[in-house]
Every structure is written in C-alpha cells, then in structure tokens.
Amino acid sequence: MSTAADRAGPPWRRIHRRTVLVTALVTTGVAVGAAVPVVAGLAGRLGYAAAVGWALAGAAVLVGCATAGDYVRLRRTRYRVGAEHVELRTGLLLVKRRSLARERIRSVDLTAHPLLRVLGLVTVRIGTGEQTGGESTLELDPVDRAEGERLRRELLDRRTATAPGTHREGDLATLDLRWISYAPVSFLAPALGGAAVGGVLQVSEWAGAQGQVIGWVADRFRDTPPLWTVLVLVAAALVAGVVGALGLWAEMWWNYRLEREPGGTLRVRRGLLTSRSLSVEERRLRGVDLVEPLGVRLAGAARVDAVTTGLAKDEEGQGADHNTLLPAAPRAFADAIAAEVLREPLAPTGAPLTAHPPAARGRRLRRALAAALAPALLLALLGARLTPVLLWTALGWTVVAVPVAVALALDAYRSLGHTLSGGYLVTRSGTLRRSTAALQRAGVIGWTVRQSWFQRRAGLVTVTATTAAGAGAYSVRDADASEGLLFAAEAVPGLLEPFLERGPAPGVGSHRDRTGAGTPTA
C-alpha cells in the first residue's frame with residue numbers, strides 16, 4: 001500500500017524485467033550441471049531412461065521455483081532517487097524499506113557478468129562507505145546499462161571545485177598488453193598450479209578413477225629417476241599455474257582504463273567477461289600504497305592501491321583488488337600514476353627513505369634463522385629415535401632453508417624505511433609483499449608507540465600511524481627509538497608532543513636533531 005509520502009516524492013522505478021530471464025538461464029545451467037552426476041548415480045538402479053526422466057523433472061521444478069521467486073522479487077522491488085535520499089523497497093509479506101542519504105554516498109559501482117552483458121544489464125551497488133556491513137549499501141540487480149550510468153553520474157556529481165594544479169582530467173592510464181608479463185611472476189601462478197593438481201585428483205576420485213590416474217602417471221615415468229620425475233611434475237604444475245594466472249589477469253584487467261572525471265572522481269573500468277566500473281572520490285583519498293610482491297618487484301614492477309576513507313567491510317569482501325587503481329606495471333610508471341592520482345608534481349612513494357639501524361637487521365636474521373632451524377631440529381630429534389631418513393631430511397632442509405631465510409631477512413631489512421615528503425608520511429616494509437605507503441599527514445588521527453623487551457635492549461621502537469583510511473594503521477617498524485619518536489612528532493605536530501619529554505640531544509641523526517632540537521623520549 002502506498003502512503004502519502006510515497007505519492008508525493010519522485011516516481012518509483014522497477015528493476016529490469018529481464019532479471020527473470022537471467023534467473024531462468026542461470027538456474028538452468030546449474031540444473032544441467034547437477035543433472036550429470038544425478039543421472040550417473042541413478043542409472044545403475046533405475047535404468048538410463050528413468051534416471052534422465054527424474055533428472056529432467058527435478059531440473060524443471062528447480063528452474064520453475066527459482067523463476068517464480070524472481071518474478072515475485074521483480075514485482076515487489078522498487079527504487080527511487082530523491083533530492084536527499086535514495087530509497088529501496090522490497091519484500092512480499094514483510095516489506096523492507098531502506099534509505100541512504102545522498103550526501104553520504106561515496107561509491108556507485110557497476111558490474112555485469114557475461115549473461116548480464118549480453119542482455120545489456122548491470123548490477124548497481126550504491127555505498128556510503130560506513131562500517132555497518134550491508135546496511136551501508138543498496139544493490140539494484142539488475143537495471144539497464146544506460147540507467148546504471150545515469151545513476152552513477154547523478155549520485156556522484158558533487159559539483160566540487162577542481163583541486164589546484166596542472167594534473168589532467170580524462171584518461172590517466174590505459175591497458176598496456178606488456179603488463180600481462182607480470183602475471184606469471186606473482187605468487188598466484190604456483191598457487192593455481194597446486195590447485196590444478198588438487199582439482200585433477202579430486203575429480204578423478206569423484207569418478208572413482210583416482211588410482212588409474214596415478215597409475216597412468218607412474219607408467220609414464222617408470223624408467224625416469226625420482227628426482228627428474230619430481231622436477232617434471234613440478235614444472236607441469238607451474239605451467240598450468242602460469243596459464244591460469246594469464247587467464248585470470250586477462251579476465252580481471254582487460255579493457256582497463258583509469259580516468260579522472262569532472263567533479264573529482266577517479267574511475268577504474270576493467271574486465272573481459274565480467275565488466276566492472278569502480279569509483280573513488282578524490283575528496284576521500286588519503287594517499288596511495290605501492291605494493292610490490294617479491295616476483296613482481298624482481299621484475300621491476302609495482303601496483304598502485306588507493307588509501308581511502310569509507311571503505312566498508314562488505315566492499316573489502318568483494319576482493320583485494322577493489323581499491324586497486326593500477327595493476328602491476330613498471331615501477332617508474334606506477335610512481336607517475338601515484339603522482340597523478342595525488343595531484344603532486346613528484347610521487348611521495350619515490351622519495352629517498354631513512355634507513356633503519358643495524359639492530360633491525362639482527363632482529364630479522366634471528367627470527368628467520370629460528371623459523372628455518374626449528375623444523376630441522378624437530379626432524380633431527382625424531383630421526384634420532386625413529387629412522388636415519390629423518391636425519392637426512394633435516395640436513396637437506398637446513399641446506400635449503402637457511403640460505404633462503406637469510407636472503408629474505410636481509411631483503412626485509414633493506415626494505416625498511418620511512419620519511420616525510422611534503423604533506424605525506426611515507427613508510428616501507430615487507431619482503432614477500434613489500435608495501436610503500438604514502439599517507440596524508442592530515443589524515444593521521446593518532447599514534448601507537450610499541451616497544452617490546454627485545455626492542456628496548458636493541459634501542460628500537462615501532463610507531464604506528466592510525467587513520468580512518470585504508471588499512472587503518474601504517475607502521476614504521478624497528479626504527480631507532482629517538483628517530484622513530486621524532487618522525488612521529490614531526491609528521492603531525494602537536495599530536496605526540498604532550499606525551500614526550502625533552503632530554504639532552506645525544507647527536508642522533510634524526511629529523512629534528514638536524515635542526516638542533518633535543519631528542520624526545522617517551
């Protein structure tokens with residue numbers, strides 16, 4: 001029943017009627033996929049014809065129920081955009097009505113899987129960015145593509161003045177096919193390779209043919225030394241992983257385009273089969289994060305993530321790439337895009353960093369050696385009681401793991417650094433995933449100073465900038481105690497000073513020591 005307020009406001013609109021067709025086709029695909037094992041399981045007891053009949057009947061019931069349910073959803077779902085609110089009303093017996101204030105809307109994202117694209121439809125996700133789960137978003141699934149674009153433009157049009165500077169509007173970056181070469185060097189390739197091997201074994205087990213598959217592989221390598229057999233199988237898995245990584249990259253980043261729209265909105269469009277359109281308001285941008293996984297970093301590349309306020313938990317759940325502005329690309333180009341996004345002449349992520357003291361290197365070496373030698377020690381103890389094979393395994397593990405652990409520890413130490421660059425504080429850490437975060441100093445709302453017993457003995461401290469944006473906390477790990485406190489005090493003047501007391505300057509080479517000020521201590 002409509003109320004007087006409903007009739008007085010703007011007209012209510014329906015989601016697109018082709019949603020019923022989408023549901024029918026998707027459910028049919030699911031039913032066909034499920035019918036194959038059902039027929040195989042029933043054919044032995046009922047006969048092939050009866051099994052097919054039962055499968056078809058079940059599929060018809062499933063498709064009919066799903067289609068009828070979606071038709072009811074179509075008839076009972078309405079939305080409208082008013083001057084102050086966006087409203088959604090749905091439900092049959094229990095009518096649910098939700099409303100978002102337009103002034104609080106921070107994102108309008110459009111997605112369309114292949115079937116929606118064929119039918120000219122999109123799913124519109126309207127979010128406020130508040131940390132309240134599903135209550136902070138409205139989803140219109142689906143609407144016509146033209147309607148989705150209209151909603152996106154209307155709801156994100158803030159009519160704000162352009163930020164000062166010479167940075168251009170329009171396209172900032174477009175797809176370069178050479179970037180696909182960075183997909184195989186990510187950690188995704190070996191993970192997908194292992195998943196492919198596990199998938200083959202699982203499917204063969206479902207079909208009752210796992211023994212035959214393993215036997216067939218064993219026959220192929222019957223006269224091959226075990227070491228070569230392992231190497232060949234690992235190489236085959238890696239090849240499968242590389243192919244999967246290339247395919248996944250193409251699906252995620254094909255047709256990629258980063259653009260700045262009038263009014264101060266950054267828009268990322270991408271996707272091969274499933275198209276995605278993601279928007280980030282520049283007024284809630286607090287910095288960027290240059291992310292370099294180890295393989296990508298060795299290839300001289302990095303990706304750029306946005307550090308923004310109002311990234312809701314349900315938005316994070318859509319995937320780690322939801323706030324990615326640039327996929328893995330050459331490091332120099334990534335720095336250039338970071339500067340464009342921040343409207344800075346030079347990227348803060350490229351500023352020279354202050355190195356951390358040698359004590360930080362010692363901490364990483366000790367922890368890496370402990371992690372590498374602990375399994376070897378356990379294997380040696382078991383081998384002394386059970387079998388000498390475990391002793392040789394412990395020796396092999398030590399020979400391989402210790403050099404790798406030392407190399408990663410040294411790399412982790414070299415990756416440490418921090419500095420102040422204009423209006424940004426910059427911190428870098430990590431080895432398997434190195435992160436260089438440039439955070440607006442005005443976006444820091446507090447500091448956390450942590451010093452363990454071991455850090456106190458080594459004269460180190462970890463200071464963490466807390467913010468409402470991005471990950472919520474960005475740390476300067478294992479800095480010199482005086483240097484770290486001075487960095488925090490200078491980054492946001494007046495925030496940390498009430499908790500510090502001045503002592504005589506001991507000549508530590510810190511930010512304020514260079515200007516003649518004393519060294520603060522907690």
Side-chain angles (χ1 to χ4, degrees), residues 104 106-107 129-131 158 160-167 172 258 260 263-268 278-291 302-312 315-316 322-326 334-354 417-430 434-449 462-477 479 484-497 511-512:
R104 302 185 69 85
R106 296 294 179 264
S107 64
E130 297 174 350
Q131 306 295 327
R158 298 289 193 265
T160 55
T162 303
T166 59
H167 294 272
L172 303 184
L258 171 65
R260 176 180 282 122
T265 298
L266 296 171
R267 185 183 187 186
V268 178
L278 310 175
S279 302
V280 176
E281 282 188 313
E282 287 188 87
R283 68 175 183 173
R284 67 185 181 109
L285 189 68
R286 294 295 178 266
V288 295
D289 191 2
L290 217 67
V291 180
R303 80 168 190 261
V304 179
D305 289 352
V307 177
T308 65
T309 60
L311 182 62
E315 289 177 328
E316 289 177 337
H322 185 80
N323 62 337
T324 298
L325 300 178
L326 179 74
D335 278 327
I337 291 301
E340 283 283 357
V341 166
L342 299 177
R343 296 182 182 267
E344 295 289 335
L346 296 175
T349 52
L353 302 180
T354 300
H418 64 276
T419 193
L420 298 177
S421 177
Y424 296 85
L425 64 89
V426 184
T427 175
R428 187 179 71 189
S429 63
R434 191 168 78 176
S435 168
T436 306
L439 178 66
Q440 284 182 358
R441 295 160 71 172
V444 177
I445 59 177
W447 287 98
T448 300
V449 180
T462 295
V463 292
T464 301
T466 56
T467 177
Y474 295 88
S475 297
V476 179
R477 305 180 187 278
L485 294 173
L486 286 169
F487 170 78
E490 186 177 352
V492 187
L495 186 60
L496 194 63
E497 280 87 341
H511 295 281
R512 292 196 175 182

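Keep in mind that this is a model prediction, so the values were computed, not measured.
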Thr448 and Thr466: side-chain contact (heavy atoms from CB on, under 4.5 Å), yes or no, with the steps? CA-CA 7 Å; Thr448 300; Thr466 56; 4.0 Å; yes
Results of side-chain contact (heavy atoms from CB on, under 4.5 Å) for [X] - residues two or more places apart only:
X	result
Ala479	His356, His418, Val476
Val291	Asp289, Pro293, Arg303, Asp305, Arg433
Thr265	Leu156, Glu261, Ser279, Glu281
Leu353	Thr419, Val426, Arg428

CG-CG distance between Leu172 and Leu325, expressed to the nearest 0.5 angstrom: 9.5 Å
Measure the CG-CD1 distance between Leu290 and Ile337 for me, rounded to the nearest 0.5 Å. 11.5 Å
Which atom pair, heavy atoms only, marks the closest approach of [X] to [Y]?
X	Y	value
Val341	Leu258	CG2-CD2, 4.4 Å
Thr427	Ser475	OG1-O, 2.7 Å
Ala334	Val304	O-CG2, 3.6 Å
Ala473	Thr464	CB-CG2, 3.6 Å
Glu340	Arg260	O-NH2, 2.6 Å
Ala491	Trp447	CB-CZ2, 3.9 Å

So does Val444 get a backbone contact from the side chain of Arg286, meaning a donor-acceptor N/O pair under 3.5 Å? no
Hey, does the side chain of Arg284 reach the backbone of Thr308 with a donor-acceptor pair shorter than 3.5 angstrom? no
Does Val307 reach the side chain of Tyr474, with side-chain heavy atoms less than 4.5 Å apart? yes
Evaluate the criterion side-chain contact (heavy atoms from CB on, under 4.5 Å) for residue pair Arg441 and Leu420; output intermediate values, then yes/no. CA-CA 9 Å; Arg441 295 160 71 172; Leu420 298 177; 4.3 Å; yes
Check the pair Leu342 / Tyr424 against side-chain contact (heavy atoms from CB on, under 4.5 Å), numbers first and verdict last. CA-CA 10 Å; Leu342 299 177; Tyr424 296 85; 3.7 Å; yes
After noting the C-alpha distance and the side-chain angles of Leu485 and Val449, does the key distance pass the side-chain contact (heavy atoms from CB on, under 4.5 Å) rule? CA-CA 8 Å; Leu485 294 173; Val449 180; 4.0 Å; yes
Quick one: list whatever passes side-chain hydrogen bond (donor to acceptor under 3.5 Å, both in side chains) with Arg267, sequence neighbours left out. Glu149, Ser277
For Thr349, side-chain hydrogen bond (donor to acceptor under 3.5 Å, both in side chains) partners two or more places apart: Asp335
